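Input: a single structure, listed below in structure tokens.
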Amino acid sequence: MITSASALSALELARIQFGFTVSFHIIFPAITIGLASYLAVLEGLWLWKRDTVYRDLYHFWSKVFAINFGMGVVSGLVMAYEFGTNWSYFTTFAGSVTGPLLTYEVLTAFFLEAGFLGVMLFGWNKVGPGLHFFATLMVALGTLISATWILASNSWMQTPQGFEIVNGRVIPVDWLKVVFNPSFPYRLAHMVLASFLATGLFVGASAAWHLLRGRSSPAIRTMLSMAMWLIAVLAPLQILVGDQHGLNTLKYQPAKIAAVEGHWQNTPGESVPLILFGWPDMAAETTRFALEIPYLGSLVLTHSLDGQIPGLKEFPPEDRPNSTVVFWTFRIMVGLGMLMLALGAWSLWLRWKKDLFSSELFLRAALVMGPTGLIALLAGWLTTEIGRQPWIVYGIMRTKDAVSNHSALALSITLTAFIVLYFAVFGTGVAYMLKVVAKGPDEGGSGGQPDPDTDPHLRPARPLSAVETKIDAPAFPNLRGD
């Protein structure tokens, strides 16, 4: 057995390793979810309007989708093994719930995506337009189903229900309650909208990059227009969903909300101020340098001017999340969300003035905002997961009881190896993807796809028609009986 001192070090390293691998992984499925639905919209518009702009954009973004899909699959496999290698006690304790949920994700979503992915990527000229569109829809549906099962598993860890503990292990007794646990609907909606917003910002930034370099083609303008419509609609919707998600978290994880707000204690009869900025000091049990707005905390968190929320001092020190971290990760997420809202509103104003494609200041802002969707998504994930601590299954199992008995040395070596390999492999993949994006869509043709009207190898042919030398009398004189 490892000592308590080394166990603490091993626990921290195991958490850092899982956090590192998940942070890399979550980026690719988020873009994949958004791009899959975007491709379905593009192909639907192509079939409806027969405008070649939508066809060209489909072929262009399908390349980016394929790159993201491949990197997402590879990075996800590592996490599956980490559950068994680094978190074996958690797997033993709760595997009867999390195992089937992740299995359902593979049997439904991954198989659905994999089954139709080949048709979607390579079947444009080989199957009918209806079947190809159906394949694209199935891949898009598969990404959403995948998010559903994964969020169900993670949400159960946040707000567990529908189970009993028998002989030290979780036994599911009501799968409907397991899947549709209290936080699941809010977390699923929040994650899917975050994926769509991250994709919209990515697409918008790529269009802005080309427009700033003088490439104002119909496809590029369509990319920017569609991206800005999405951001203008979904940014305010995401804020509303986030508000409901916060109220749900206050009900089921009040310590997390107290840590997020840097709120330590209540004064009888006084409202809760909203702390815009500050530095929560866990040791001193106070938030230093706090910049507060009176009443606003009560209004946002309880929808009343005098409502109160539990303070961190109401919870034992060993049950408090790290307020110093989640206070700032939450504000990064919310701050970027406000910038997305502003960008969407700005785009509507410029669209009304007919300056959407010509405002250099706006295009530079859209370009800078490109990665903010993914940054906000990562900040939100850190808020959710670090805010759940010290629990791996909230209120049921502590994280320190879930880690495997590995030495700190072994985890240090594997963490170092992961860092080197991930930056090498996925860094190369991201660089290649950005190179593809920088090239832009191939317009005026078939989007890089061969045309069956000009390439005879793509048309149905009779046997032996691929043979270059014709079977005729001059080539085979003996066939005439000479």
Side-chain angles (χ1 to χ4, degrees), residues 21 23-39 42-43 52-76 113 117-118 120-122 124 136 139 143 195-228 230-231 357 360 363-375 377-378 419-450:
T21 52
S23 296
F24 261 86
H25 171 70
I26 198 172
I27 292 173
F28 305 122
I31 296 296
T32 300
I33 291 170
L35 280 183
S37 295
Y38 181 46
L39 289 171
L42 287 173
E43 187 167 7
T52 57
V53 166
Y54 300 115
R55 180 199 61 192
D56 296 337
L57 286 176
Y58 179 92
H59 291 311
F60 170 64
W61 285 108
S62 64
K63 299 174 186 176
V64 181
F65 173 85
I67 299 170
N68 269 277
F69 186 87
M71 290 192 289
V73 170
V74 173
S75 59
E113 294 173 74
L117 185 64
M120 171 184 160
L121 295 179
F122 308 111
W124 186 268
T136 303
V139 171
T143 62
S195 299
F196 286 163
L197 281 169
T199 304
L201 289 164
F202 180 38
V203 173
S206 64
W209 191 90
H210 287 286
L211 285 167
L212 286 169
R213 280 152 184 78
R215 188 180 179 185
S216 184
S217 65
I220 300 299
R221 294 160 70 95
T222 300
M223 281 167 53
L224 182 68
S225 179
M226 294 180 71
M228 290 304 113
L230 182 139
I231 294 167
F357 308 110
E360 182 176 345
L363 294 176
R364 292 189 181 280
L367 180 60
V368 172
M369 287 290 291
T372 58
L374 294 174
I375 295 173
L377 189 149
L378 286 172
I419 292 174
V420 173
L421 289 173
Y422 268 52
F423 276 104
V425 174
F426 297 114
T428 302
V430 170
Y432 175 69
M433 179 180 67
L434 294 177
K435 185 178 179 180
V436 172
V437 172
K439 183 180 178 182
D442 179 18
E443 300 175 69
S446 57
Q449 297 287 327

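Worth saying up front: this structure is predicted, and the values here are computed from it rather than measured.
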All side-chain contact (heavy atoms from CB on, under 4.5 Å) counterparts of Thr136, not counting sequence neighbours:
Leu39, Ala40, Glu43, Tyr58, Met120, His132
Might you point out which heavy atoms bring Trp61 and Met223 nearest each other, and give the distance in Å?
CZ2-CE, 3.7 Å
Under the rule for side-chain hydrogen bond (donor to acceptor under 3.5 Å, both in side chains), what residues qualify as partners of Ser225, not counting sequence neighbours?
Arg351
Residues in side-chain contact (heavy atoms from CB on, under 4.5 Å) with Ile26, at least two apart?
Met191, Leu377, Leu378, Trp381
Side-chain touch Phe65/Thr199, heavy atoms, less than 4.5 angstrom:
no
Is there a donor-acceptor contact under 3.5 Å from the side chain of His210 to the main chain of Ser216?
no
Between His59 and Pro441 (side chain of the first, backbone of the second, donor and acceptor by atom type, cut-off under 3.5 Å), is there such a pair?
no
Roughly how far apart are Thr222 OG1 and Asp56 CG, rounded to 0.5 Å?
10.0 Å
Is there a side-chain contact between Ser62 and Leu121 in this structure, where contact means two heavy atoms from C-beta onward sitting under 4.5 Å apart?
yes
Minimum heavy-atom separation for Val430 to Phe28, with atom names?
CG2-CE2, 4.0 Å
side-chain contact (heavy atoms from CB on, under 4.5 Å) partners of Ala208, counting only residues at least two apart
Leu363, Ala366, Leu367
Validation row: Thr428, Tyr432 side chains within 4.5 angstrom (heavy atoms):
no
In Å and rounded to the nearest 0.5 Å, what is the CE to OG1 distance from Met71 to Thr32?
8.5 Å
In chain order, what residues pass the ring pair (Phe, Tyr, Trp, His ring centres under 6.0 Å) check against Tyr422, with sequence neighbours excluded?
Phe20, Phe24, Phe418, Phe426
Using the side chain to side chain contact (heavy atoms under 4.5 Å, CB included) rule, take Val139 and Phe69 through it: C-alpha gap first, then chi angles, then the decisive distance, then the call.
CA-CA 11 Å; Val139 171; Phe69 186 87; 5.7 Å; no
Can you list the residues that meet the side-chain contact (heavy atoms from CB on, under 4.5 Å) rule with Arg364, with sequence neighbours excluded?
Leu212, Glu360
Identify the two heavy atoms, one from Tyr54 and one from Leu42, that lie closest to each other, and give their separation to 0.1 Å.
CB-O, 3.6 Å
Quick one: pull up CD1 in Ile220 and CG in Leu211 and give me the separation to the nearest 0.5 Å.
6.5 Å
When rounded to the nearest 0.5 angstrom, what distance separates CG in Leu57 from CE in Met226?
7.5 Å
How close do Ala30 and Ser195 get, counting heavy atoms only, and between which atoms?
O-CB, 3.4 Å
Is there a side-chain contact between Leu374 and Ile31, using heavy atoms and a 4.5 Å cut-off?
yes
On a heavy-atom basis, the closest approach of Leu197 and Ile231 is CD2-CA, 4.1 Å
Which atom pair, heavy atoms only, marks the closest approach of Ser206 to Val437?
CB-CG1, 3.3 Å
Let me confirm one number: the CG-CZ distance from Leu434 to Phe202, rounded to the nearest 0.5 Å.
6.0 Å
